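A quick note: this is a predicted structure, and the numbers were derived from the prediction, not measured. We count residues from 1, following the sequence as given. Note that ligands are numbered from 1 as they come in the structure, with each ligand's atoms numbered from 1 the same way.
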Amino acid sequence: MKLSKIYQLFFLAGGLGFFLSACSSALEPTTLKDGYAGKFLIGAAINTNISSGRDTASIRVLQEEFNSVSPENCMKSEVLQPEKGVFFFDDADQYVKFGEENKMAIIGHCLIWHSQAPHWFFTDENGKDVSREELIQRMKDHITTVVSRYKGKIKGWDVVNEAILDDGSWRESKFYQIIGEDFIKLAFEFARAADPDCELYYNDYSMANEGKRNGVVKMIQKIQEAGVKVDGIGMQGHCTLNFPDLNEFEKSLLAFSELGCQVNITELDLTVLPGYDPSVGADVAASQEYQQTLNPYAEGLPEEVANQLSARYTDLFKLFLKHHDKIDRVTLWGITDDASWRNDWPIKGRTDYALLFDRNHQPKPVVKELIKLVNN
Ligand code: G3I
């Protein structure tokens with residue numbers, strides 16, 4: 001065969017190879033929701049700046065990268081029913097409409113929570129604790145009114161949030177003190193009656209703690225034995241560069257899955273700031289005095305720490321991918337660093353870098369790595 005023929009064949013093969021590789025890279029997903037399609041939903045908690053349409057930059061990122069939304073605050077009981085029988089649905093209606101318009105899987109958060117519950121919920125006209133019967137009725141009225149309003153629009157509700165402590169014991173909330181353990185079973189029954197088709201979840205933080213894991217398993221088993229279906233368990237995923245131990249997190253993930261529940265990673269973020277106390281978990285009531293030493297990156301994040309953040313997020317998503325058959329959704333608790341609650345908790349006025357998109361609404365380098373993980 002003449003030399004020129006061979007060159008032509010090589011040239012053709014090279015061109016074909018280039019064309020195919022160009023095609024395949026053009027076909028490779030470039031966004032989180034596309035990268036994880038078929039593995040699990042990629043969600044984000046959104047505030048009213050986003051659901052109202054005001055924060056156009058964050059909305060653009062949300063539309064490109066995410067396929068599920070959670071309401072950061074607008075569906076909490078202190079917002080929805082600030083006074084007995086007086087409901088405020090404007091922000092929640094806007095959130096649900098925003099989710100529908102953007103074809104997102106819409107999550108409801110959260111029906112029963114000891115925190116951000118209006119004071120009247122537990123108090124009678126004399127300022128004393130209400131009776132067990134009255135609190136059950138108030139819980140039923142709240143859940144029935146809210147869940148019925150959004151029937152058929154909400155994929156799933158965080159029915160009860162943060163009812164178990166790190167040692168597995170019951171949080172001594174007013175719900176527990178006045179009603180007893182049954183408040184959880186009752187809450188799920190009320191929600192199921194209001195919308196038989198939406199998923200119902202239990203949600204909590206520090207779920208990698210062995211004590212909490214065992215306490216949650218025991219509590220869920222008890223309500224399942226009473227005939228209540230728990231569709232999912234939310235592991236909030238408020239992490240640091242070192243906490244939690246991912247082996248412990250995996251044990252909890254497996255334990256919850258073995259209950260027959262889907263696992264949702266519901267509130268993922270990753271603080272890089274010092275001063276975290278694992279015994280506090282994500283207890284919103286926690287607070288500490290501001291000290292400059294606890295806010296070391298106000299002027300920017302050193303490359304070394306940015307690399308640690310990337311590595312930690314990569315390790316987390318490797319674990320989620322390993323168990324994608326058990327995980328229905330991974331929700332980041334916010335979109336961009338500037339909007340993260342972690343800038344003000346447990347210490348107000350700090351600069352954290354807890355999320356996947358920076359203060360300029362740009363993806364951090366780790367986003368591309370997370371997408372590559374799926375293909376590899
Ligand atoms: O909307 C009011 C505003 O009118 C008022 O001027 C201002 C004065 O402080 O408060 C505003 O409400 C704040 C609300 O966020 C909206 O910004 C509340 O004070 C503040 O406590 C609330 O913080 C939220 C916190 O839950 C308590 O509800 C955080 O944004 C939210 O990220 C955080 O999320 C919780 C999850 O729901 C449950 N798991 C833990 C997670 C972190 O604590």
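- Between Lys97 and Glu100, none of the side-chain N atoms (NZ, or NE/NH1/NH2) sits under 4.0 Å from a carboxylate O, so this pair counts as no salt bridge.
- Nearest protein heavy-atom contact of atom 15 (O) of ligand 1 is Asn73 ND2, 3.5 Å.
- Using a cutoff of 4.0 Å between basic side-chain nitrogens and carboxylate oxygens, Arg213 and Glu248 are scored as salt-bridged.
- Of all the heavy atoms of Trp333, the ones lying under 4.0 Å from any atom of ligand 1 belong exclusively to the side chain.
- Atoms of ligand 1 lying under 4.0 Å from any heavy atom of Val284, numbered from 1 in the order shown and given with element: 25 (C), 27 (C), 43 (O).
- Atom 37 (O) of ligand 1 lies below 4.0 Å from at least one non-hydrogen atom of the protein.
- Under the 4.0 Å distance rule, the nearest protein heavy atom to atom 29 (C) of ligand 1 falls inside the cut-off.
- Salt bridge Arg149/Asp93: present, at least one basic N to carboxylate O contact under 4.0 Å.
- Close contacts between ligand 1 and Trp113 involve ligand atoms 28 (O), 37 (O), 38 (C) [criterion: under 4.0 Å to a heavy atom].
- The protein does not reach atom 9 (O) of ligand 1 closely, with no heavy atom under 4.0 angstrom from it.
- Classification of Arg342 and Asp269 as a salt-bridged pair holds, one side-chain N sitting under 4.0 Å from a carboxylate O.
- If you number the atoms of ligand 1 from 1 as listed, the ones under 4.0 Å from a heavy atom of Asn161 come out as 38 (C).
- A salt bridge is defined here as a Lys NZ or Arg NE, NH1 or NH2 lying under 4.0 Å from an Asp or Glu carboxylate O, and Asp325 with Lys39 fails to meet this definition.
- Inside a 4.0 Å radius of atom 6 (O) of ligand 1 there is not any protein heavy atom.
- Distances from atom 2 (C) of ligand 1 to the protein include no heavy-atom value under 4.0 Å.
- Of all heavy-atom pairs spanning Leu135 and Phe121, the tightest one is CD1-O, 3.4 Å.
- Under a hydrophobic clustering in which Ile, Leu, Val, Met, Phe, Trp and Tyr are joined whenever their side-chain heavy atoms come within less than 4.5 Å, directly or via other members, Phe175 and Val147 fall into the same cluster.
- A salt bridge links Lys212 with Asp166: the distance from a Lys NZ or Arg NE/NH1/NH2 to an Asp or Glu carboxylate oxygen falls below 4.0 Å.
- Note: Phe243 and Tyr276 meet the aromatic proximity criterion, with ring centroids under 6.0 Å apart.
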Exercise for the section: Decide yes or no on salt bridge (charged side-chain N to carboxylate O under 4.0 Å, His left out) for Lys364 and Asp358, but give the supporting numbers first. Expected result: CA-CA 6 Å; Lys364 294 177 183 176; Asp358 66 25; over 6 Å; no

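- Every atom of ligand 1 is numbered from 1 in the order shown, and the set under 4.0 Å from a heavy atom of Glu162 is 38 (C), 39 (N), 40 (C).
- The distance from ligand 1 to the heavy atoms of Trp341 drops below 4.0 Å at these ligand atoms: 32 (O), 42 (C), 43 (O).
- In this structure, the protein non-hydrogen atom closest to atom 32 (O) of ligand 1 is Glu72 OE2, 2.6 Å.
- Under the 4.0 Å distance rule, the nearest protein heavy atom to atom 43 (O) of ligand 1 falls inside the cut-off.
- The side chain to side chain contact (heavy atoms under 4.5 Å, CB included) test with Gln262 singles out one residue from Ile233, Val230, Ile327, Asp328, and that residue is Asp328.
- Polar contact check, His238 against ligand 1: no nitrogen or oxygen pair lies under 3.5 Å apart.
- Residue contacts with ligand 1: Lys76 is placed with a nitrogen or oxygen under 3.5 Å of a nitrogen or oxygen of the ligand (distance criterion only).
- Under the 30°/60° scheme for interplanar angles, the aromatic rings of Tyr36 and Phe40 are found to lie parallel.
- Those atoms of ligand 1 with a heavy atom of Gln236 less than 4.0 angstrom away are 39 (N), 40 (C).
- Residue contacts with ligand 1 do not include Glu78, since none of its heavy atoms lies under 4.0 Å from the ligand.
- Taking only nitrogen or oxygen atoms, main chain and side chain alike, Glu267 reaches within less than 3.5 Å of ligand 1.
- Protein heavy atom in closest approach to atom 20 (C) of ligand 1: Gln116 NE2, 4.8 Å.
- Protein heavy atoms are absent from the space less than 4.0 angstrom from atom 18 (C) of ligand 1.
- Close contacts of ligand 1 with His109, meaning ligand atoms under 4.0 Å from a residue heavy atom, involve 36 (C), 37 (O), 38 (C).
- Taking the six-membered ring for Trp and thresholds of 30 and 60 degrees, Trp113 and His109 have ring planes inclined between 30 and 60 degrees apart.
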